[in-house]
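Report on the structure given below.
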Amino acid sequence: MIYINAIGLFFIGLLLAQFRIFDFFMISRGFVAQLFLLIGYSFKEYESKKYKINRWGVLIFAGLYFCVGVISLLLYPSYSLDVHLNYYYNYIICFLMIISGNFLLFCVSSRANVRLHILEFIGKHSLIFYIWSGYASFIFTKILTITGITENVNYQLIGLIETVGACIILSVAAVTLNWIKQKLTR
């Protein structure tokens, strides 16, 4: 039943995004994300049963991601995928990139014997990051615009600065909300 619900919410989210309904509240994004959350959940369930992905799995996902990325660059050189705005220039290519990229990330991280505390922190607070990311990016973009930093600058660099800034803002928000929760539960 969970699979049917996730797929249904995914299509409802795409429909809402198409007509720009509830964009400000990010409801359409949340609905679309249900399919990706389900895929991640299914993958983790698969791995928890001790079916580890071997190096061939890593190579397959890396190759698929690379090939789809090259196809995307060749067919859509001036377009960009934006999951947060529900902008997919080609559904098949975009979803293949998202799914293969996430599987590749899961495969590599599950094989690495290194614990990345920042990723664990973001994972534990993913709801805060997801819900507030649009607002943090909006605030950070406004700050960059007011200061004039965005003029005549490489947009990839601005995107990187915005991402790091949003992560800092959201991390402070997550720590603050955890502190408030601890105070209220005492």
Between Leu75 and Tyr89, is any pair of side-chain heavy atoms under 4.5 Å apart? no
Rounded to the nearest 0.5 Å, what separation is found between the CG atom of Leu96 and the SG atom of Cys67? 11.0 Å
Donor on one side chain, acceptor on other, Ser72 and Tyr79, under 3.5 Å: no
Sub-4.5 Å side-chain heavy-atom contact between Ile93 and Tyr76: yes
Roughly how far, to the nearest 0.5 Å, is CD1 of Ile12 from OG of Ser28? 12.0 Å
Can you check whether Asn102 reaches Ile39 side chain to side chain, under 4.5 Å on heavy atoms? no
Nearest heavy-atom approach of Val58 to Leu104 is O-CD1, 3.6 Å
Between the CD atom in Gln182 and the CG atom in Leu177, the distance rounded to the nearest 0.5 Å is 11.5 Å
Looking at every heavy atom in both Gln18 and Tyr91, which two are closest together, and how far apart are they? OE1-OH, 4.1 Å
Any side-chain heavy-atom pair from Val175 and Phe121 closer than 4.5 angstrom? yes
How about Phe10 and Phe95: are their ring centres within less than 6.0 Å of each other? yes
Are Phe31 and Tyr3 connected into the same hydrophobic cluster when the rule is that any two of I, L, V, M, F, W, Y join if their side-chain heavy atoms are below 4.5 Å apart? no
May I ask you to check whether over 12 heavy atoms, not counting those of Ile92, lie within 6.0 Å of atom CD1? no
Same cluster or not: are Tyr41 and Phe103 linked, directly or through other Ile, Leu, Val, Met, Phe, Trp or Tyr residues, by side-chain heavy atoms under 4.5 angstrom apart? no
Phe66 side, atom CZ; Ile71 side, atom CD1 - distance, nearest 0.5 Å: 10.5 Å
Is there side-chain contact between Val32 and Phe11, with heavy atoms separated by less than 4.5 Å? no
Rounded to the nearest 0.5 Å, what separation is found between the CG atom of Leu38 and the CG atom of Asn5? 10.0 Å
Rounded to the nearest 0.5 Å, what separates atom CG in Asn178 from atom NZ in Lys181? 6.5 Å
Tell me, with the steps shown, if His125 and Leu170 meet side-chain contact (heavy atoms from CB on, under 4.5 Å). CA-CA 9 Å; His125 300 91; Leu170 294 170; over 6 Å; no
So, for Leu14 and Tyr88, which heavy atoms are closest and what is the spacing to 0.1 Å? CD2-CE1, 4.0 Å
How about Gln34 and Leu37: do any of their side-chain heavy atoms sit closer than 4.5 Å? yes
With a 4.5 Å cut-off on side-chain heavy-atom distances among I, L, V, M, F, W and Y, is there a chain of contacts connecting Leu184 to Trp179? yes
State plainly whether one hydrophobic cluster holds both Ile60 and Met97, where clusters connect Ile, Leu, Val, Met, Phe, Trp and Tyr through side-chain heavy atoms under 4.5 angstrom apart. no
Does atom CG of Leu74 have more than 12 heavy-atom neighbours, drawn from other residues, nucleotides or ligands, at distances under 6.0 Å? yes
